[in-house]
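Structure, as structure tokens:
Quick note: numbers below take in every heavy atom, side chains included, and nothing from hydrogens, waters or symmetry partners. Positions are given from 1, in the same order as the sequence printed here.
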Amino acid sequence: MASSQQHAQLDRLERQVTTLVAAYQQLREELADARTTIEHLRADGREREKQLREYQNQENIVKLVQTIAGGEPTQANELKQRLNEYIREIDKCLAYLRE
């Protein structure tokens, strides 16, 4: 009798351990997925910050060009193009220095 009760207890413990191991594996997978999602969101956030800085730079350039050119469209366009070229070159230099 005692052996049959012990056998039943062992079977029950084995099922519980199997259930816990399965739950643990599932949680590990969910954690890995969550970490991946977090990394994607962080990368997306960095990209959006970069775009925001670029838009702010463009806005500042437009304001500067309008102030300097005094409203003449041809001069303003030329100045804006030149400033954009300078900024692109500066961005390339900064990217090179980061490497």
Side-chain angles (χ1 to χ4, degrees):
M1 250 335 169
S3 176
S4 138
Q5 285 178 346
Q6 289 175 344
H7 187 62
Q9 274 185 328
L10 285 175
D11 285 343
R12 191 172 65 249
L13 284 174
E14 185 178 354
R15 284 191 303 273
Q16 288 176 342
V17 167
T18 302
T19 302
L20 287 173
V21 168
Y24 172 74
Q25 290 296 335
Q26 183 179 356
L27 287 173
R28 284 186 62 180
E29 290 172 9
E30 289 176 13
L31 178 61
D33 290 343
R35 286 181 175 157
T36 302
T37 300
I38 288 170
E39 283 304 312
H40 286 286
L41 290 172
R42 284 183 179 157
D44 188 43
R46 287 190 297 269
E47 182 62 29
R48 288 178 190 263
E49 286 176 7
K50 180 181 172 186
Q51 288 176 347
L52 177 61
R53 283 192 303 273
E54 289 175 7
Y55 291 139
Q56 289 170 338
N57 285 340
Q58 289 176 359
E59 181 183 9
N60 290 338
I61 289 170
V62 168
K63 288 178 183 177
L64 179 64
V65 166
Q66 289 173 346
T67 301
I68 293 173
E72 291 185 37
T74 53
Q75 284 182 336
N77 285 335
E78 290 175 14
L79 186 56
K80 183 178 176 183
Q81 287 175 351
R82 226 180 285 146
L83 287 172
N84 279 331
E85 288 175 20
Y86 293 147
I87 289 172
R88 277 193 290 274
E89 287 298 317
I90 290 170
D91 286 342
K92 287 178 187 177
C93 292
L94 291 173
Y96 178 75
L97 290 173
R98 281 188 217 126
E99 294 176 356

For residues 32-43, please give each side-chain donor-acceptor pair under 3.5 Å, one per line with the distance, not counting sequence neighbours.
{"from": "Thr36", "atom 1": "OG1", "to": "Ala32", "atom 2": "O", "distance (Å)": "3.0"}
{"from": "Thr37", "atom 1": "OG1", "to": "Asp33", "atom 2": "O", "distance (Å)": "3.0"}
{"from": "Glu39", "atom 1": "OE2", "to": "Arg42", "atom 2": "NH1", "distance (Å)": "3.3"}

Pairs in or reaching into residues 82-96: which pass side-chain hydrogen bond (donor to acceptor under 3.5 Å, both in side chains), with residues at least two apart or in two chains? none

Surrounding CD of Glu14 (heavy atoms of other residues, nucleotides or ligands, distance under 6.0 Å), is the total greater than 12? no

List in chain and number order the residues that pass salt bridge (Lys or Arg N to Asp or Glu O under 4.0 Å) with Glu59, two or more places apart in sequence or in another chain; answer none if no residue qualifies. Lys63

Spacing of Ser4 atom OG and Gln9 atom CD [to the nearest 0.5 Å]: 10.5 Å

Rounded to the nearest 0.5 Å, the CG atom of Leu10 sits from the CZ atom of Arg15 at a distance of 11.0 Å

Transitive ILVMFWY cluster of Ile90, excluding itself - 4.5 Å side-chain cut-off: Leu94

Output side-chain donor-acceptor pairs under 3.5 Å for residues 22-31, partner residues at least two apart or in another chain, one line each.
{"from": "Gln26", "atom 1": "NE2", "to": "Glu30", "atom 2": "OE2", "distance (Å)": "3.2"}

Counting only pairs under 3.5 Å, give me each side-chain donor-acceptor contact of residues 48-57, with atom names and distances, residues two or more places apart or in other chains.
{"from": "Arg48", "atom 1": "NE", "to": "Asp44", "atom 2": "OD2", "distance (Å)": "3.0"}
{"from": "Asn57", "atom 1": "ND2", "to": "Arg53", "atom 2": "O", "distance (Å)": "3.4"}

